[in-house]
Amino acid sequence: MRKFFGGIAVISLVAALAVRAEDKTAAKGPDEDGTKPALVKIAGEGMLDSHAFQYLTELSDDVGARVTGSPQAQKAVEWGQAKMRTMGLENVHAEKWQLWRGWTRGTAQAELLTPIRRPLHVDAMGWTGSTPAGGAEGDVVEVNMFDLDDEMKNISRLSGKVALVVTRGEPKKSLIQLFAQFGDFLRAAGKAGAIAVIGGQGGGKAEGMSLTHTGILGFDADFAMPVVSMSAEDQSQLERYIGRGLTAKVRFSIQNAFTNGPVESANVVGEIRGRENPEQVLVVGGHLDSWDLSEGATDNGMGSTCVLGAADAIVRSGMKPRRTIRFVLFTGEEQGIDGSFAYVKQHQAEMANHLGSLILDNGQGPVRAFQLGGRDDLVETFKPFAAALAEIREVKVDDKVEDGTDTLPFSMAGLPGINMDQDSPDYKYTHHSAADALEAVRPDVLAQDATLMALAAYWIADRPERFATPWPAEKTVKMLTAQHEDAMLKAFGLWPKAFADIEKKDLPSN
Ligand SMILES: [Zn+2]
C-alpha cells in the first residue's frame, strides 16, 4: 500500500497538475471520453434500486454451502443461470470442466482425554482423509512448521501420535516454500503412522472466538491423512500442557469421503453483447463455489452477487457497451483457482480478443483499490476513471498482481487480471468459517461494491479506445518475476513450461 504524508501529497498533486497541463495525450476519464451519461444511469440503477442483496439472500439461504463438485454446487450453477436469464443476459450457459477428485465432509469429533477431559473444537480441512471408523487416540506432539526439513528427518516419532503444528523460531525457508513442503510432510506423516494433524492454519492460530477455518492445503491437493483446523482457544490449551511437560492425550474421529475419480463442475456464463465490437470481451467475475461450515455469504457470495447485481444494473440502464461484457461465476476457486484456469484454457483461441478480467473476492468490505494485475502500463489510463468515482468513494489504483483468486490466470495470460481490493477487517473471521453467513454482509456495502463493479465494467468495455491487449509471454514473465510471483507459481507447479523456456533463453549462454 502506498502511504502519503500530508506535505508530500500536496507537492505531488501540484506536480501532477503541471504534467496534466502539458500532456495533451493524458488519459481521458468519463468526463472526456463520452461514457459519463451511461455511467450516471448505471449508478442510479445500482445504488438506488439494487437487487444484489436479494440475490445474496437467495444464494445463502436457498442454495447454501456449495463445495465444488457437490450436488449443492450444481444447484448453484442452475440458480446462477436462472438469475442471468431472468435479468435478460444473452448467451447464458454453463461451461463444464473437470475437478480432479470430489470430496464430501462427514463428521469431525475430538476430545481431550488427559490431563482433563473435555470436547475440542475441530473441523476437517478440505480434501483430507479420515481416521478409522471408530476413531483413534494418541498423545499430542508438536511439529515445527518453520523447520519441516528437520521434522521430516524425525518423522517416525509421529507413529501413533497426533501432530500439532506450531511455529517456533525463525522460518528456515520462505513461507511459500514451507507451505508447499507441508504437503510432503503430510504424506510422510501418513506413512509414519500419525493419527491426525492439527494444522489448518499452518501453525498460526485460527482467528476469532472459538472459530475453525477450513480450506484446501495446496492447489488441487488431497491427502489421506486427516488434517483439522482447531479453535485457537483449544490449540493454546494443548500447547500449554506440552510446554509444562504434561501429556495431552486426545481422541479423534474424523470421517470424510473422496470420489474415486474426477467430478464435473461448471462455470456460469452470460453476456451483454457489444454494439460495435462484440468479439472483444471483458470478463467480470467472482466465484460461486464456497466452503461448507456456513453459507458462504462473504466468500464469495459477495463477489458472485456483485457480478449479478452489476449485470442487472447495466441491463436495466438500457445502455449497450461498445464491446462485450461477459459475466462469469467461476467454480473451483477454493480448490486451486480451477474454474478460471479452465476458462482461460477453454477460451485460448479467443484470449487475444480479451480486454482483461474484473474480479471481486476479498470479503464483505467496501472497495478500496483497483489492482491492475501486473499491467503497470494501464495505471495512468485507469486513474481518471477511478477519480470520477470520488463522490461515491475514494478508490486507489495500482498494478499489483492478486494471486489468491480468479485474477491470477488472466494475469498469467498477460491481461489485466483486475482485483477489486476491499477493506474487510472482519474477513479474517468469516472466511472459510462457521461465521461466513448473511449477517456478515451489509446491504449498502454490497450495493456500492456491485455498482462500482458495474461502472468499471461498462467504462472498460465502452470507452472509445480499446483498454488492453494481452502482453507477449516474455513481458508477462518479467512482470511476474518483478512482482515475486514466480516463487509461488514454481513452488506449486503452476509455472508454465513456456515461461520456463523463456527464462532459459534469457540466461546468458557460455
Ligand atoms: Zn474466495
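Excluded from the calculations below are hydrogen atoms, water molecules and symmetry mates; all remaining heavy atoms, backbone and side chain alike, are included. Whatever order the structure lists ligands and atoms in, that order sets their numbers, starting from 1.
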Check your understanding: Is the Zn ion (ligand 1) less than 2.8 Å from at least one N/O/S atom of His431?
Key -> no
Revision key, fill the gap. Quick note, ring-ring contact (aromatic ring centres under 6.0 Å, His included) partners involving residues 46-97, not counting sequence neighbours, are none
Review point. Is the side chain of Thr451 donor-acceptor paired with the backbone N or O of Gly46 at a distance under 3.5 Å, no angle test?
Key: yes
Review point. Which is the closest N/O/S atom of Asp299 when seen from the Zn ion (ligand 1)?
Key: OD1
Practice item. Quick one: report the N, O or S atom of Asp361 that is nearest to the Zn ion (ligand 1). Key: OD1
Point to revise | NZ/NE/NH1/NH2 to OD/OE distance under 4.0 Å, Lys75 and Glu78 | key: no
Check your understanding: Is it true that Glu207 and Lys205 make a salt bridge, defined as a side-chain N closer than 4.0 Å to a carboxylate O?
Key -> no
